[in-house]
Number of protein chains: 2
Amino acid sequence: MASDDFNLSDFLPYRLSVLAARMSKKLSKVYGDTYGLSTPEWRVLAHVAHREKMSVREIRDSVSLDKPSVSRAVSKLEKAGLLAKSICSRDHRLVEIEVTEKGLEVFHQIAPEALAFEAAVLSSFSAKERQQLDDLLTRLQGVVDEQTGEVCAVDQPN
Amino acid sequence: MASDDFNLSDFLPYRLSVLAARMSKKLSKVYGDTYGLSTPEWRVLAHVAHREKMSVREIRDSVSLDKPSVSRAVSKLEKAGLLAKSICSRDHRLVEIEVTEKGLEVFHQIAPEALAFEAAVLSSFSAKERQQLDDLLTRLQGVVDEQTGEVCAVDQPN
DNA sequence: GGCTATTCGTTGCAAGTGAAACGATTCTCA
DNA sequence: TGAGAATCGTTTCACTTGCAACGAATAGCC
């Protein structure tokens, strides 16, 4: 393999990292500067906003964050009055997390701005190109998610 | 804007973040598990490997890391014997950073594995699709890099 | 030439992050 | 039923990160 040809700025993982970081940083101004939310908090709020009560574990499985991050994000959002937390009566290990009216209000202020940001980023792309991008990202995610090391799996950590 | 339609898992910044994070984590096994390098260290090494002596600032401008991260990465790589650092004789503020023989050796072991990883990720993509991906990412990066807030700029921080 | 402003790289420090440990609760199965 | 295993959410702790401040060195300007 010709490692003399290696050029970091052409290297896919690097390019994706840089692009994602820049985009996230710009987007974070939307929910961070105005509403004081962190990225984990924004993700949790966005996921819980239009859904039923759910546990920390369910959120973790859906927003690509580890367990402690979700736990902390939920605590902060609860303190801010955007989420309500209660112990599940059927299973006292579980916590039922739900968006509050105030939380929904905040979400409905942020979401349009977030969508506008996305639209601005994609504004110079045709419908066909957007479809291409969607497909390519989906396939890449699929490849990366292929579990190479299989286990019978006890408890999913984090 | 219909914020009820907002779905995090379809949201471009989120998708890119998740994809980039997963890919970087998998890649980091290549340089991390075997050679004990962190991501900033890997980026610095990869960038310096086939280049002339350069300063911290030049590296920073090329690898999308902030000043302290580059400084720390260089220090660690120097301690590990992969880089050599000396004070520039023309300008004593500057540092001249250069890869050592050992550093080049390590790089030539990692780079092929990194390229193989990239090739594996892209293995199911046709040449045309790779070109599409390349173009789309380049254009997205261009859009995100457009400076919205212009300043005369004093010192570039970090 | 000397004074100020700027640039360089490093370091301090506070905030964020993730792996592991923990107590509490429930499940499993003999 | 009861003991051990598994799961849940939180917390602890070590590590990383990014901003700001800093001392050192140079550039700019009168």
Side-chain angles (χ1 to χ4, degrees), chain A residues 17-18 21-22 24-25 28-29 32-33 36-44 48 53-79 83-98 151-158, chain B residues 17-18 21-22 24-25 28-29 32-33 36-44 48 53-61 63-79 83-97 151-158:
Chain A
S17 275
V18 171
R22 290 273 165 84
S24 287
K25 187 159 190 179
S28 74
K29 292 192 185 308
D33 290 356
L37 300 182
S38 69
T39 300
E41 287 157 28
W42 150 246
R43 286 194 191 175
V44 168
V48 172
K53 294 179 178 182
M54 59 193 323
S55 69
V56 167
R57 189 189 126 81
E58 290 174 297
I59 297 176
R60 183 205 64 177
D61 291 340
S62 306
V63 299
S64 202
L65 291 170
D66 53 17
K67 208 161 49 166
S69 294
V70 173
S71 179
R72 285 188 264 251
V74 168
S75 293
K76 269 205 164 184
L77 290 169
E78 188 194 19
K79 263 176 204 154
L83 291 186
K85 207 166 73 173
S86 59
I87 294 177
C88 175
S89 54
R90 297 162 183 277
D91 185 339
H92 287 202
R93 291 172 304 181
L94 299 183
V95 162
E96 291 179 331
I97 296 155
E98 201 179 12
V151 210
C152 54
V154 191
D155 184 12
Q156 206 75 6
N158 303 333
Chain B
S17 274
V18 172
R22 291 273 165 85
S24 287
K25 188 160 189 176
S28 74
K29 292 192 186 309
D33 290 356
L37 299 182
S38 69
T39 299
E41 287 156 28
W42 150 246
R43 285 194 191 174
V44 169
V48 172
K53 294 179 177 181
M54 58 195 322
S55 69
V56 167
R57 189 189 127 80
E58 289 174 297
I59 297 175
R60 183 205 66 177
D61 291 340
V63 298
S64 203
L65 291 170
D66 53 16
K67 210 161 49 166
S69 294
V70 173
S71 179
R72 285 189 261 252
V74 168
S75 292
K76 271 204 165 185
L77 290 169
E78 188 195 18
K79 263 175 204 153
L83 291 186
K85 207 166 72 174
S86 59
I87 294 176
C88 175
S89 54
R90 297 163 184 278
D91 186 339
H92 288 202
R93 292 172 303 181
L94 299 183
V95 162
E96 291 179 331
I97 297 155
V151 210
C152 55
V154 189
D155 186 9
Q156 205 74 8
N158 305 332

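Residue numbers start from 1 in every chain, and the chains themselves are labelled A, B, ... in the order their sequence lines are given, proteins ahead of strands. What you see below is based on every heavy atom in this structure, not just the backbone, and it leaves out hydrogens, waters and symmetry mates.
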Of A:Asp91 and A:Thr39, whose closest DNA chain C nucleotide lies nearer the 5' terminus? A:Thr39
B:Arg90 or A:Glu58: which one's nearest nucleotide on DNA chain D is closer to the 5' end? A:Glu58
If you take atom types as modelled and just measure distance, does the side chain of B:Arg72 reach the base of D:dG18 with a donor-acceptor pair under 3.5 Å? yes
N or O in side chain of A:Lys25 less than 4.0 angstrom from D:dC19 OP1/OP2: yes
Between CZ on residue B:Arg43 and OG on residue B:Ser64, distance to nearest 0.5 Å: 6.0 Å
Would you mind reading off the distance between B:Arg93 atom CZ and C:dA5 atom C1', rounded to a whole angstrom? 11 Å
Mind calculating the distance between CG (A:Leu65) and C1' (C:dA19) to the nearest angstrom? 15 Å
Would one find a side-chain N or O of A:Ser69 under 4.0 angstrom from OP1 or OP2 of C:dG16? no
Quickly work out the B:Glu78 CD to C:dG9 C1' distance and round it to whole Å. 13 Å
Taking CD1 from B:Ile87 and P from C:dT7, how many angstroms apart are they, rounded to a whole number? 21 Å
Within the 4.0 Å heavy-atom criterion, would you say A:Ser75 contacts the bases, only the backbone, or no part of the nucleic acid? nothing
B:Arg57 side chain near C:dC8 phosphate (N/O to OP1/OP2, under 4.0 Å): yes
How many whole angstroms separate atom NZ of A:Lys67 from atom P of C:dG16? 21 Å
Would you indicate, yes or no, if C:dT10 has its OP1 or OP2 atom less than 4.0 angstrom from a side-chain nitrogen or oxygen of B:Lys85? yes
Would you compute the distance between atom CD of B:Glu96 and atom CG of B:Leu83 and round it to the nearest 0.5 angstrom? 13.5 Å
To the nearest 0.5 Å, what is the distance between NZ (A:Lys79) and NZ (A:Lys85)? 8.5 Å
Please determine if a side-chain N or O atom of A:Ser71 lies less than 4.0 Å away from the OP1 or OP2 oxygen of D:dT10. yes
Can you tell me how far NZ of B:Lys25 sits from CZ of B:Arg22, rounded to the nearest 0.5 angstrom? 9.0 Å
Whole-Å distance, A:His92 NE2 to D:dT10 C1', equals 18 Å
Interatomic distance, B:Glu41 CD vs D:dT16 C1' [rounded to whole Å]: 11 Å
N/O (side chain, A:Ser55) to phosphate O (OP1/OP2, D:dC8) under 4.0 Å: no
Identify whether any heavy atom of A:Ser38 sits under 4.0 Å from a base atom; if not, whether one sits that close to sugar-phosphate; answer base, sugar-phosphate or nothing. nothing
Nearest heavy-atom neighbours spanning A:Ser71 and A:Val56: N-CG1, 4.5 Å
Could you check how far CG of B:Leu94 sits from P of C:dC8, rounded to whole Å? 7 Å
Quick check on C:dA15: is either OP1 or OP2 less than 4.0 Å from any side-chain nitrogen or oxygen of A:Lys76? no
